[in-house]
Amino acid sequence: MANVALLSAASPSTSSAAPRLRHVARRRPSRRSACPRSAASRLSIMAALGEDPIRQWILTEGKATKITGVSSIGGGCINSAQCYKTDAGSFFVKTNGRIGPSMFEGEALGLKAMYDTNSIRVPLPYKVGSLPTGGSFIIMEFIEFGCSRGDQSALGRKLAEMHKAAKSDKGYGFYVDNTIGSTPQINTWTADWIEFYSKHRLGFQLELITQRFGDSAIYDKGQRLIENMHALFEGAVMEPCLLHGDLWSGNISSDTNGEPVILDPACYYGHNEAEFGMSWCAGFGGEFYSSYFEVMPKQPGFEKRRDLYLLYHYLNHYNLFGSGYRSSAMSIIDDYLRMLKA
């Protein structure tokens, strides 16, 4: 696993004194999991123990001399989020009272990889660590958001610039496994995209469904699709591009200059079209796609493959939230089986 401690070298400059005011935490209200111990409770316990690694980092490597306030800024039942206001600016902090630092390490590596493309704006991660009361935290740049999700044309162009700029010579996958929501996402390096997507995306989700719900019908049909989906990629040129991996509306915003911002990634290197797998709840319009394809030209068969990439996220939502998403996933599988005569 890559060492996330190197991220702390990118500490914020003391010259950025203007505090950034808002950074939205991941919100998916429909996700139902046991909520971690409240952030306020954990902070008070750490204060009583005199052990607060978040404050320690901010007041040393974060180059602040005092913390002027800590306020909750939302979050769901996966993570809690706080704003730490200091004389060196503001910091965005996410905490989880149940899960160790591996989840945030994966997020930090993804954010840093996207940040290094110098294309679309993402919050720069500074530090990942463990909490003495259990769980983990991540400290990152605090971005002041504007009043809207920004310009769709700019979002499409900058996302395509990121895909074009960041390619992997290791194949498809990522340096660590991470999570898609709270579901494990396996990122073992694989030379062939169809093999990677078959095994580590569709196949993995189908296996989880059989374990959790005993749904052999969707598993069997899904496996038939996997065995026959090569035909959907005929004529397409595929390269391992850096993907955000979970690009839905809650993970898209804009800064005060109107420039697009993306956050809360589930990064890996994959076929660029897989980035549109959450388009059913991302609100991508015609201007987005037009600008995107000016930078990353549309490949033959794009329209035929679109639902294949939606399928991964519908299967994941089935695993996360239950059978309400089964019909959408099964409909996509059945349509492809008819198309492929499989």
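When reading the values below, keep in mind they use all heavy atoms of this one structure, side chains included, and skip hydrogens, waters and symmetry mates. The model shown is predicted, which means the values in this text are computed figures rather than measured ones.
- Nearest approach of Ala274 to Leu243, heavy atoms of both residues: CB-CD1, 3.9 Å.
- Under the 4.5 Å side-chain heavy-atom criterion for ILVMFWY residues, no single connected hydrophobic cluster contains both Leu208 and Leu310.
- Under the side-chain hydrogen bond (donor to acceptor under 3.5 Å, both in side chains) criterion, Glu234 pairs with no residue, sequence neighbours left out.
- Every residue was checked against the side chain to side chain contact (heavy atoms under 4.5 Å, CB included) condition with Lys341, not counting sequence neighbours, and none meets it.
- Here the side chains of Asn96 and Ile138 are not in contact, with every heavy-atom distance at 4.5 Å or above.
- Pairing each heavy atom of Lys112 with each of Leu124, the nearest pair is CD-CD1, 3.8 Å.
- Annotation for Lys85 and Ser90: closest pair CG-OG, 3.6 Å, computed over non-hydrogen atoms.
- Expressed to the nearest 0.5 Å, how far OH of Tyr126 lies from CG of Leu111 amounts to 11.5 Å.
- Scanning all heavy atoms of the two residues, the minimum distance from Asp246 to Ala266 falls at CB-CB, 4.2 Å.
- A distance of 7.5 Å separates CZ of Phe284 from CD of Gln152, quoted to the nearest 0.5 Å.
- In terms of modelled atom types and a separation under 3.5 Å, the side chain of Arg305 and the main chain of Pro300 share a donor-acceptor contact.
- Here the side chain of Tyr336 pairs a donor or acceptor atom with the backbone of Lys304 at under 3.5 angstrom.
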Could you list the donor-acceptor pairs under 3.5 angstrom formed by side chains in residues 285-292, with sequence neighbours left out?
| residue | atom | partner | partner atom | Å |
| --- | --- | --- | --- | --- |
| Tyr289 | OH | Arg306 | NH2 | 3.3 |
| Ser290 | OG | Gly286 | O | 3.0 |
| Ser291 | OG | Ser153 | O | 3.4 |
| Ser291 | OG | Ser153 | OG | 2.5 |
| Ser291 | OG | Glu287 | O | 3.2 |
| Tyr292 | OH | His163 | ND1 | 2.7 |
| Tyr292 | OH | Asn272 | ND2 | 2.8 |

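- Two residues are said to be in side-chain contact when any heavy atoms from C-beta on lie closer than 4.5 Å; Leu225 and Leu311 meet this criterion.
- Here SG of Cys241 is found 4.5 Å from NZ of Lys167. Values are rounded to the nearest 0.5 Å.
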Dump the intermediate steps for side chain to side chain contact (heavy atoms under 4.5 Å, CB included) on Glu105 and Val176, then the final yes or no. CA-CA 9 Å; Glu105 286 171 354; Val176 297; 6.0 Å; no

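- Considering every non-hydrogen atom in both Ile252 and Leu155, the closest pair reads CG2-CD2, 3.9 Å.
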Show your reasoning for whether side chain to side chain contact (heavy atoms under 4.5 Å, CB included) applies to Glu144 and Asp255. CA-CA 6 Å; Glu144 182 182 356; Asp255 62 21; over 6 Å; no

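- In this structure a side-chain-to-backbone donor-acceptor pair under 3.5 Å is missing from Asn257 to Glu259.
- Counting only heavy atoms from C-beta outward, the side chains of Thr190 and Lys199 never approach each other to under 4.5 Å.
- Side-chain contacts under 4.5 Å among hydrophobic residues (ILVMFWY), followed directly or transitively, place Val237 with no other residue at all.
- Judged by distance alone, the side chains of Thr183 and Asn319 never bring a donor and an acceptor atom under 3.5 Å apart.
- Panel note: side chain Asp264, backbone Asn251; no donor-acceptor pair is recorded below 3.5 Å.
- No close placement of the Phe196 and Trp189 rings is indicated, their centers lying 6.0 Å or farther apart.
- In this structure the side chain of Phe174 never reaches within 4.5 angstrom of the side chain of Gln185, judged on heavy atoms.
- Residues Met114 and Leu242 meet the side-chain proximity criterion, which asks for heavy atoms closer than 4.5 Å.
- In this structure, the side chain of Glu275 engages the main chain of Gly245 through a donor-acceptor pair within 3.5 Å.
- Residues Phe276 and Leu308 fall within the same hydrophobic cluster, defined by Ile, Leu, Val, Met, Phe, Trp and Tyr side chains chained together at heavy-atom separations under 4.5 Å.
- Using a 4.5 Å heavy-atom cutoff, the side chains of Phe233 and His271 are in contact.
- When side chains are defined from C-beta on, Glu273 counts as touching Phe302, because their heavy atoms get closer than 4.5 Å.
- Note that OG of Ser130 and CZ of Phe137 are 7.5 Å apart. Values are rounded to the nearest 0.5 Å.
- Under the 4.5 Å side-chain heavy-atom criterion for Ile, Leu, Val, Met, Phe, Trp and Tyr, Tyr314 and Ile226 are members of the same hydrophobic cluster.
- By the rule that hydrophobic residues join a cluster once side-chain heavy atoms approach within less than 4.5 Å of another member, Ile194 and Tyr312 end up as members of one cluster.
- Tyr197 meets the ring pair (Phe, Tyr, Trp, His ring centres under 6.0 Å) test with Trp193, Tyr309; sequence neighbours excluded.
- With Val122 as the fixed residue, the side-chain contact (heavy atoms from CB on, under 4.5 Å) test singles out one of Ile262, Val261, Asp116, Leu263: Ile262.
- The CD1 atom of Ile333 sits 11.0 Å away from the OG atom of Ser328 when rounded to the nearest 0.5 Å.
- Across all their heavy atoms, Trp248 and Ala282 have their closest contact at CA-CB, 4.0 Å.
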Can you list the steps and then say if Leu232 with Met339 is a side chain to side chain contact (heavy atoms under 4.5 Å, CB included)? CA-CA 10 Å; Leu232 300 172; Met339 179 193 304; 3.9 Å; yes

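- Atom OH of Tyr172 is separated from atom NE2 of His200 by 13.5 Å, given to the nearest 0.5 angstrom.
- Proximity of Leu320 to Tyr325: side-chain heavy atoms (C-beta onward) are nowhere separated by under 4.5 Å.
- In this structure, Thr210 contributes its side chain and Ser216 its backbone to no donor-acceptor pair below 3.5 Å.
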Between Lys94 and Met103, does a side chain to side chain contact (heavy atoms under 4.5 Å, CB included) hold up when you go through it step by step? CA-CA 11 Å; Lys94 287 200 296 189; Met103 178 180 68; over 6 Å; no

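- With hydrophobic clusters built from ILVMFWY side chains whose heavy atoms lie under 4.5 angstrom apart, Ile99 does not share a cluster with Ile186.
- A search for side-chain hydrogen bond (donor to acceptor under 3.5 Å, both in side chains) contacts involving Thr117 returns Ser119, not counting sequence neighbours.
- Judged by distance alone, with hydrogens and angles left aside, the side-chain atoms of Asp151 form no donor-acceptor pair with the main-chain N or O of Gly258 at under 3.5 Å.
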